[in-house]
Every structure is written in C-alpha cells, then in structure tokens.
2 protein chains.
Amino acid sequence: MPARPAAHRPTLEAVAARAGVSRATVSRVVNGGAGVRGPLAERVRAAVDELGYIPNQAARTLVTRRNGAIAVVVAEPESRFFTDPFFAQQVRGISRELAAHDNQLVLLLTGGAADHERVGRYLTGGHVDGALIFSLHADDSLPVIARNAGVPTVIGGRPTWPDPDTRRRTLYVDCDNRGGARDAVRRLLALGRRRIAHIAGPLDQPASIDRLDGFRDVLPDIAPGLIAEGDFTPEGGARAMERLLERSPDLDGVFAASDVMASGALRVLRARGRRVPDDVAVVGFDDMVSVAEWTDPPLTTIRQDIEEMGRLMAQLLLHALEPASDPDGVPAVSSIITPTRLVVRASA
Amino acid sequence: MPARPAAHRPTLEAVAARAGVSRATVSRVVNGGAGVRGPLAERVRAAVDELGYIPNQAARTLVTRRNGAIAVVVAEPESRFFTDPFFAQQVRGISRELAAHDNQLVLLLTGGAADHERVGRYLTGGHVDGALIFSLHADDSLPVIARNAGVPTVIGGRPTWPDPDTRRRTLYVDCDNRGGARDAVRRLLALGRRRIAHIAGPLDQPASIDRLDGFRDVLPDIAPGLIAEGDFTPEGGARAMERLLERSPDLDGVFAASDVMASGALRVLRARGRRVPDDVAVVGFDDMVSVAEWTDPPLTTIRQDIEEMGRLMAQLLLHALEPASDPDGVPAVSSIITPTRLVVRASA
DNA sequence: ATCCTTTCAGAGAGCGCTCTCATGCTCGGC
DNA sequence: GCCGAGCATGAGAGCGCTCTCTGAAAGGAT
C-alpha cells in the first residue's frame, strides 16, 4: 500500500514559521487558544487562514487517542434497518446529539455472524471512541466484543446477560416497556374488552419480553392461545393476527407490541370483516408517527420518545467518554429508563 | 483534551521484541508477509497472536495517508433519507462493495446549508479517502467542496455543472433516465392512451429533468397542464395527481417519475373513483420492490437496478483510489450509465 | 531594588507505524 | 574458489501532532 502522492497540505510547522512562533503556540491557538496572548493569537490565526491550514486528524488521534467518531452498531440486516422507521428515528436522535458535539457517526450494520466478525475487527481497530449498540437479540456477542476491545458502549434496550455484575456495569437506555404494556392492556379493559390478545415481538429480544410481561401483569391468567409471536414487521403482525383469529374468533381486543405489527393486524381484521374498534379494539406500541397516524383507523398506542432515546444514548456515551470531570474520578452517569404514555386515537 | 489513560495495547515494537526481529519485519508480516522467509514469518505470527497485537490505525493513516473509510454524503434531511427506500437500496449496494474491500462506510447526512459546512469540514479534515455524493440538487456546492478538499468523488446521478471540462472530469453513475421515460410513455401509447400526464420529480434534480425530457421526446406537443411537479414523496405524488385531475379530468394515462409518487397518485385515483388501469393507466419509475409490488394494483414501472448502481459507485471510487495500476499512470475508469427496463404489472 | 509568583512561549520528546536504504547473506555461474 | 546478483533483514528517518517541561518575561509584594 504505497503512500498516495502528498496532498501537500500545510502543516503546523508551516503555520508556525509563517507566524514566527513555535509549533506549540500554533497548536494552542488551534485548540482554543487558552494561554496565548491576544495579539500573538491573532497573528497565528491570520497565518492559519492564509495557508488554509487544516489539522491532520490521524496525527492528532495518534497522540490524543481520540477519534471524534462513534460507531452505531445495528444488529439487523440492511433490509430491516432501512425499512423499520424505528431505527430511523433513533439514528436521527443520535446523529443530532453527536453532530452537536462534533462527533462523527459511523454506521455499522451487522446482519449475520460473518458481519459480527468484521464489526468486531473494526471496533477493536480503534477507529472509534465508543459504540452505540442496538436491537440486540439474546446472547448477542456484540457487547462482549466491544468490551474486550476496550470500547465504551451504550446499549439501546435493556441487556439480558445473566451475570448481574456485568449487567450493572453496562450502560443502556430503554423505555418503560413493561409499564407501557400495562397501560395498553388497562385501556382495553377500560373499554370493556374481556377477550384480549397479544401480538408479541420476537421473544429473544428484551423489549418483546418486557411488553409481554406487562401484558401478563394485568392479565395473569391469560390463555396461551391469546398470545402470538410476531417479528416487528407488518407481515409478521398480519400472520400473528390470522393465527389469533383462528384460535380465538371471539377476541375483542388486541395489544400489539409495535405499531408496525399493529398495522399488519389492522389489515387482517379489515379483510376478515371485523370493525375496529367496534368489534375489536387495537392498541399498538411506539407511537411511530409515520405509522400510527396513517393507519385506518388511526392507532391508539403507547408512546415512547424514540428520537429522544437515541439522543440520550449518545449523550450518555459522550459523558462516559469524558475524562472524569468528577472529583471522584468516575463520571456520574447511569442507565436511563424513559417513561411511556398512552396516546388515544381511534382504534381503541 | 488530555490523552485517555493508555489502553496499553501491544505495539509493533513489543511484537518485534517478542519474536526477536526488527519492527520492519513485523510490519512486513502484518501487511501480507511478502519477502519474509517462512519460519521467521511464522515466529512473528505467533508473537502477534500471543500478544493479541492489533495495528494502530491512526499511526498507519499518518504515514500511508489512507484511512480505509469512504464517506457517503446524502444531500437530504434524515427524514427523507430514512423514509425513501431508494436510499436504502443504494446504500446497501455501496455497503456491500465497500465491506468486500474492507473499507468503512461513514454516513453523512446534510439537510441544510449549515450541515454542508460541517460536512465540508469533515471531508477536508482527511477522515476519508473518498466520497460518494447523492441526491444533488441544482447548484449544490458539495462536489466543489469535495474537489477543493482533494477528496476523490463519485456522484450518484448526472451532475449539472455548466462547465463542460469540470463535468467531463467528474465521475458519476446514473441510469438511462431519459430512455426509461421514453419506454414508459410508449407503453402508455401502446395501450391506446391519448391523454397522458406526467408527475415530475423536483425539477432542480437532473433525474427529474431527464425523465421529463424523455416524456417530451415521445410527446413533444404535450400541454403544460398535463405536467405537474412532485417531490418524490407519496404525498407530493398525491397532490400532483389532484392538480392534474382538476386541470385535465379526461386524462387516461399517467407517467410518474417515481414509484413512491405513483403510489400517492394511485391513492388519489382510487379516492376519485377512477379505475386503474381501466380508466387511467399508471406507469412508475424505479421498480422499488417494496413499493411497486405492494400498491393496489401492482405498479407497471421502469426498472433501474438501484442496488447495483450503488455497488458501481463504490467500485468506481475504489478504482479511482488505486495508485494507478495502469502503465499510463491513470486508472482507466469512467462514468457509467446503467440501462433501464420496462416491468409490466397490473397498473398499465 | 530584590525576590517570588504567575503567565506565556519554545524546545523537544514521543505517539505507532511504514518505507527507504544500507547491510549482510546466500547462491549460481564461470 | 571468486564475484556479483539477488534477496532477506535491520536501522532509522520521518508522518503531523500534542503535551510536558523549562526558561524567560512580567507583575506584585516586601
């Protein structure tokens, strides 16, 4: 890999020569100018402008051990990532927060085990200062890889590792899935529904489990026939709805673990001639604006502020990265659980 | 910005000491091992494994001036980027190709002028070896920024600069928008349609212009009332369709410049009681699987292989980056125009 | 005036790696 | 058996930057 022809960019040295000062002084000015007297700093700044000087990141990183880049690792194939508005919103929140602190976002999608290896190499390679990991399934090795690579990490969603100590030391941001699910079911009960079914997400993901647990908190004696597992896609939601109708034709309420699945369920209910909410009331989860507001009828759902969660993840990570501004030497950051809220529209 | 506590990773030096060779030899082995005798190389490899040595990217970049990362710059706000499946497919193609060559993808979204500045800084900062730029609107400054930053660039879609010399030296990948549009209109003509309207994309984008030009190639005397400008969103397509129906209630064919807009148009046609394709035949553009196959009725459209175009963009850029394997000193790469194809489904 | 403190600027040592160049070795040909 | 060709290895000079350490100058107190 031969070096490319030098782009011939001016270096610190050149600026220093031009301004008639030392490299150190230029460096100070470029990095905020603390401790450099006004006029001198001015002269340096002029030289920087004249030469069009731009710091070389690699050189900087080499000594500071900071990249100014954060990896966003999504454990889903591209197809899901780009299809599901959930990711879009979360990435938007992250991207905002990172940009505000002049950090770059490096997107890593890892669909299968082969990709995991590549992602692991990348994290280990020290290209990024930290990682935000998403959409973990059970036993996912990514966080462990990140930990071994010494890359500070914040996880989106509650992690599931059995070891309580590991768990305690892992930063994550999640919403109150269980509480939200309880609210959803209570809404259906309040509407007088008595045969309430649940379309769960993939049960290897903590969010799905927590929502199912919330459902069971309110309806502990639910028949297993009233629970069907989906996969967070509209088609999965539709299939689950079909199974439920087959097994329990008399159901009068459905709590779907995501708006996207609820949209599929609505389609099936309509096709089967059930009126929503008259015959069957439906509550979703997420309050994904692009979905919940546009279904027919508009979806009653549990709102979680996904974009905000993304922002919080980024914020948490950036805090954790800060060289302990705390006197104790340990920055005071901890995992965050965000609240949920029932949003009533037409479907329940 | 004080240095973080040294992660204490083993360095080349350490490996060299362990294997009892020089740094240079270890470097050679790590980078492919050319010119190192078998047994020695083996010893080095063993030392690497024992110490868990991983090369420091920053140090490498500092000397090679290569960082193994490519920026994908999308001149659209996040909302559009994550909503429009077009980008998803293109990014997928790019991501595949880059991953295959061990290059990282750095995603840069730039919604407004303020972001442009940040992106410019990033490109100029030398974080990436090259850039793929997308979704350019007229007079967009991004390619100029990239050029000034000395960052090799490939553009998605035909660029529009007036200066022919600049244009000639710019690499891009585009599909045969004009030819595809002609095919679309000819299909409608072949079905016996005589009042054919066009829903154009935003006319500050070359793709929209080319498709409109193709439309006019076949129907040079089209009334201006039969052309409405959309914005590549379903809502935009719907609004354009409404305008068209108002102005020309007797239209019997529509060529929409994208499937996404066509889906909006179909909704409006249905709402207005027009049967598709009986009363009004509709042809889209893109053959976006997730859209065209799921509309009601499924959409007849012009297929362009978006993912492949993404792949080609990445390939072109990687070639351009290669240190002139050509004897002439200039790698033989040039812009690419991919073909389009009519895909007949039910809507026309 | 003297001394001490404080502030500002420069010198210089790396950060970890690659790559050129010099060196020493092996080996084939005469 | 000698010489030069050819190849494997080592030595060392940077790449461009940050940061500590030191020295000089400036200010205040005595």
Side-chain angles (χ1 to χ4, degrees), chain A residues 1-45 47-48 51-68 124-127 129 323, chain B residues 1-44 47-48 51-68 124-127 323:
Chain A
M1 200 201 299
R4 277 201 287 162
H8 205 54
R9 289 258 210 75
T11 69
L12 252 202
E13 191 77 53
V15 178
R18 175 115 191 178
V21 299
S22 76
R23 236 172 31 242
T25 301
V26 180
S27 176
R28 279 187 273 257
V29 171
V30 169
N31 292 297
V36 178
R37 235 183 294 254
L40 229 201
E42 215 31 75
R43 223 167 72 214
V44 171
R45 249 172 251 129
V48 166
L51 265 45
Y53 168 75
I54 289 148
N56 178 316
Q57 270 308 318
R60 234 179 211 179
T61 299
L62 184 56
V63 22
T64 60
R65 284 152 198 295
R66 273 281 219 154
N67 284 289
T124 315
H127 297 78
D129 298 329
Chain B
M1 200 200 299
R4 278 201 288 161
H8 206 56
R9 289 257 209 75
T11 69
L12 253 202
E13 191 78 53
V15 177
R18 174 117 193 176
V21 298
S22 75
R23 236 171 32 239
T25 300
V26 179
S27 176
R28 279 187 273 257
V29 171
V30 169
N31 292 296
V36 177
R37 237 183 291 253
L40 227 202
E42 215 33 73
R43 223 167 71 214
V44 171
V48 166
L51 266 45
Y53 168 75
I54 289 148
N56 177 315
Q57 270 307 319
R60 235 178 208 179
T61 298
L62 184 56
V63 24
T64 60
R65 284 151 198 296
R66 272 277 219 160
N67 28 46
T124 315
H127 296 79

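These numbers come from the heavy atoms of this one structure, side chains and all, not from hydrogens, waters or symmetry mates. The chains referred to below are lettered A, B, ... by the order of the sequence lines, with proteins before strands, and numbering in each begins at 1.
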For dT18(C), does either OP1 or OP2 sit under 4.0 Å from a side-chain N or O belonging to Asn31(B)? yes

Rounded to whole angstrom units, what separation is found between the CG atom of Asn67(B) and the P atom of dG16(D)? 14 Å

Name the residue closer to the 5' end of DNA chain C, choosing between Arg28(B) and Ser22(A) according to the nucleotide with the nearest heavy atom. Ser22(A)

dG16(C) C1' sits how many Å from Arg66(A) CZ, rounded? 20 Å

Is the side chain of Arg23(A) donor-acceptor paired with the backbone N or O of Glu13(A) at a distance under 3.5 Å, no angle test? no

Rounded to the nearest angstrom, tell me the gap between atom CZ in Arg23(A) and atom P in dC15(D). 11 Å

Looking at Ser27(A), I'd like to know whether one of its side-chain N or O atoms comes within less than 4.0 Å of OP1 or OP2 on dT18(D). yes

Rounding to a whole Å, what distance do you find between Glu13(B):CD and dG12(D):P? 12 Å

Gap separating the CG atom of Asn56(B) from the CG atom of Leu62(A), nearest 0.5 angstrom: 6.0 Å

According to a strict under-4.0 Å criterion, is Arg60(A) in side-chain N/O contact with OP1 or OP2 of dT18(D)? yes

Hey, is the main chain of Ala19(A) close enough, under 3.5 Å, to the side chain of Arg43(A) for a donor-acceptor pair? yes

If we ignore hydrogens and angles and just use 3.5 Å, is the side chain of Thr61(A) paired with the main-chain N or O of Arg66(A) as donor and acceptor? yes

Whole angstroms only, please: what is the CZ-C1' distance between Arg37(A) and dG27(D)? 11 Å

Side-chain heavy atoms of Thr25(A) within contact of Arg28(A), under 4.5 Å: yes

Atom-pair distance (CG on Leu12(A); C1' on dA11(C)), nearest Å: 15 Å

How many Å lie between CG on Asn56(A) and P on dG16(C), as a whole number? 17 Å

Derivation of the side chain to side chain donor-acceptor pair (under 3.5 Å) call for Asn31(A) and Arg60(A): CA-CA 11 Å; Asn31(A) 292 297; Arg60(A) 234 179 211 179; 3.2 Å; yes

Kindly calculate the angle separating the two end axes of the helix from dA1(C)-dT30(D) to dC30(C)-dG1(D), each obtained from five base pairs, and round it to 10 degrees. 40°

Given dC15(C), dC15(D), dT9(D), the nucleotide with the shortest approach to the side chain of Thr25(B): dT9(D)

Rounded to the nearest angstrom, tell me the gap between atom CG in Leu40(A) and atom P in dA25(D). 14 Å

Taking the nucleotide of DNA chain D with the nearest heavy atom to each, does Pro55(A) or Val36(B) sit closer to the 5' end? Val36(B)

Between Asn67(A) and His127(A), is there a donor-acceptor pair closer than 3.5 Å when you use the side chain of the first and the backbone of the second? yes

